[in-house]
Chemist: 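Here it is, the structure, as structure tokens.
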Amino acid sequence: MAVTRGATNASECVKSASEFAIGGIGVAGTTTRAELALREIEREKNGAEQLRKILHEGSAAGRMYALFGLRQLDTKDYESLAEPYRHSNVPVQRIQGCIITTDPTAEAVRWIDRYAKTIELREK
């Protein structure tokens with residue numbers, strides 16, 4: 001069940017995310033509100049456009065969600081959009097399972113490059 005209503009709320013949720021987490025987190029394996037919102041955006045007709053906007057206006061974590069979504073949507077401009085972030089040391093909080101780390105943005109982008117295409121777009 002989606003936790004947001006409509007593209008604006010989903011975009012705001014992703015844009016203001018405080019951590020970047022794909023997949024279940026914590027002992028219960030909960031999916032974050034931001035990831036659920038990202039899935040909503042990915043299903044929208046103008047999803048790639050919304051993600052490009054978040055990429056320029058979002059928090060550090062929001063920008064990583066936007067890149068992740070753009071990579072999953074296989075947008076033609078993903079490489080050029082990701083390039084500035086491949087060299088960034090801006091810290092971004094990441095959560096994988098029960099592990100919380102603060103990594104340079106460049107490390108998060110490397111993770112996205114490795115895994116975004118292998119993780120199926122899924123309906124929640």
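Throughout, numbering of the chain's residues begins at 1 and tracks the sequence.
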Chemist: What do the steps show when you test L51 against T75 for side-chain contact (heavy atoms from CB on, under 4.5 Å), and what is the final call?
Modeler: CA-CA 11 Å; L51 293 172; T75 59; over 6 Å; no

Chemist: Mind checking what makes side-chain contact (heavy atoms from CB on, under 4.5 Å) contact with S88, not counting sequence neighbours?
Modeler: V90, T105

Chemist: Rounded to the nearest 0.5 Å, how far does OG1 of T30 lie from CD1 of I25?
Modeler: 6.5 Å

Chemist: Which residue pairs satisfy the ring pair (Phe, Tyr, Trp, His ring centres under 6.0 Å) criterion with at least one member in residues 19-41, sequence neighbours excluded?
Modeler: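 Pairs touching residues 19-41 that pass the test: F20-Y65, F20-W111.
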
Chemist: Could you tell me which non-hydrogen atom of A66 sits nearest to which non-hydrogen atom of I54, and how far apart they are?
Modeler: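 Nearest heavy atoms, A66 then I54: CB-CG2, 3.9 Å.
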
Chemist: Taking side-chain hydrogen bond (donor to acceptor under 3.5 Å, both in side chains) as the definition, give me every residue that meets it alongside Y78, ordered by chain and number, with sequence neighbours left out.
Modeler: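 So Y78 forms a side-chain hydrogen bond (donor to acceptor under 3.5 Å, both in side chains) with D113.
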
Chemist: Does the pair E35/R39 count as a salt bridge with the N-to-O cut at 4.0 Å?
Modeler: yes

Chemist: Nearest 0.5 Å, please: how far is CD in Q72 from CD1 in I112?
Modeler: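 One gets 10.0 Å once the value is rounded to the nearest 0.5 Å.
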
Chemist: So, using side-chain hydrogen bond (donor to acceptor under 3.5 Å, both in side chains) as the criterion, who are the partners of E107 when residues are at least two apart?
Modeler: R110

Chemist: Just verifying a value: how many Å separate E19 CD and T101 OG1, rounded to the nearest 0.5 Å?
Modeler: 11.5 Å

Chemist: Provide the full list of salt bridge (charged side-chain N to carboxylate O under 4.0 Å, His left out) pairs with a residue in residues 67-80, sequence neighbours left out, each pair given once.
Modeler: R52-D77, E79-R86

Chemist: Within this structure, what is the CG-SG distance for the pair L36 and C13, rounded to the nearest 0.5 Å?
Modeler: 8.0 Å

Chemist: Could you tell me which non-hydrogen atom of A17 sits nearest to which non-hydrogen atom of A34, and how far apart they are?
Modeler: CB-CB, 3.9 Å

Chemist: Given a cutoff of under 4.5 Å between side-chain heavy atoms of I, L, V, M, F, W and Y, with clusters grown through shared members, what are the other residues clustered with V27?
Modeler: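 When side chains under 4.5 Å apart are linked, V27 ends up in no cluster with other residues.
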
Chemist: Would you mind listing every ring pair (Phe, Tyr, Trp, His ring centres under 6.0 Å) that reaches into residues 23-59, with sequence neighbours excluded?
Modeler: none

Chemist: How long is the span from the CD1 atom in I41 to the CG atom in L73, to the nearest 0.5 Å?
Modeler: 10.0 Å

Chemist: Donor-acceptor pairs under 3.5 angstrom involving side-chain atoms of residues 92-100: please list them, not counting sequence neighbours.
Modeler:
residue : atom : partner : partner atom : Å
R94     : NH1  : D103    : OD2          : 3.3
R94     : NH2  : Q96     : OE1          : 2.6

Chemist: Taking all atoms of both residues into account, what is the closest heavy-atom pair of A108 and M64, and its distance?
Modeler: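 A108 and M64 have their closest heavy atoms at CB-SD, 3.7 Å.
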
Chemist: With salt bridge (charged side-chain N to carboxylate O under 4.0 Å, His left out) as the rule and sequence neighbours excluded, what pairs involving residues 56-65 come up?
Modeler: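 Residue pairs passing salt bridge (charged side-chain N to carboxylate O under 4.0 Å, His left out), neighbours aside: K15-E57.
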
Chemist: Return the minimal non-hydrogen interatomic distance between L67 and L55, and the atom names on each side.
Modeler: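 Closest approach of L67 to L55: CG-CD1, 3.7 Å.
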
Chemist: So Y115 and I22, do their side chains get closer than 4.5 Å, heavy atoms only?
Modeler: no

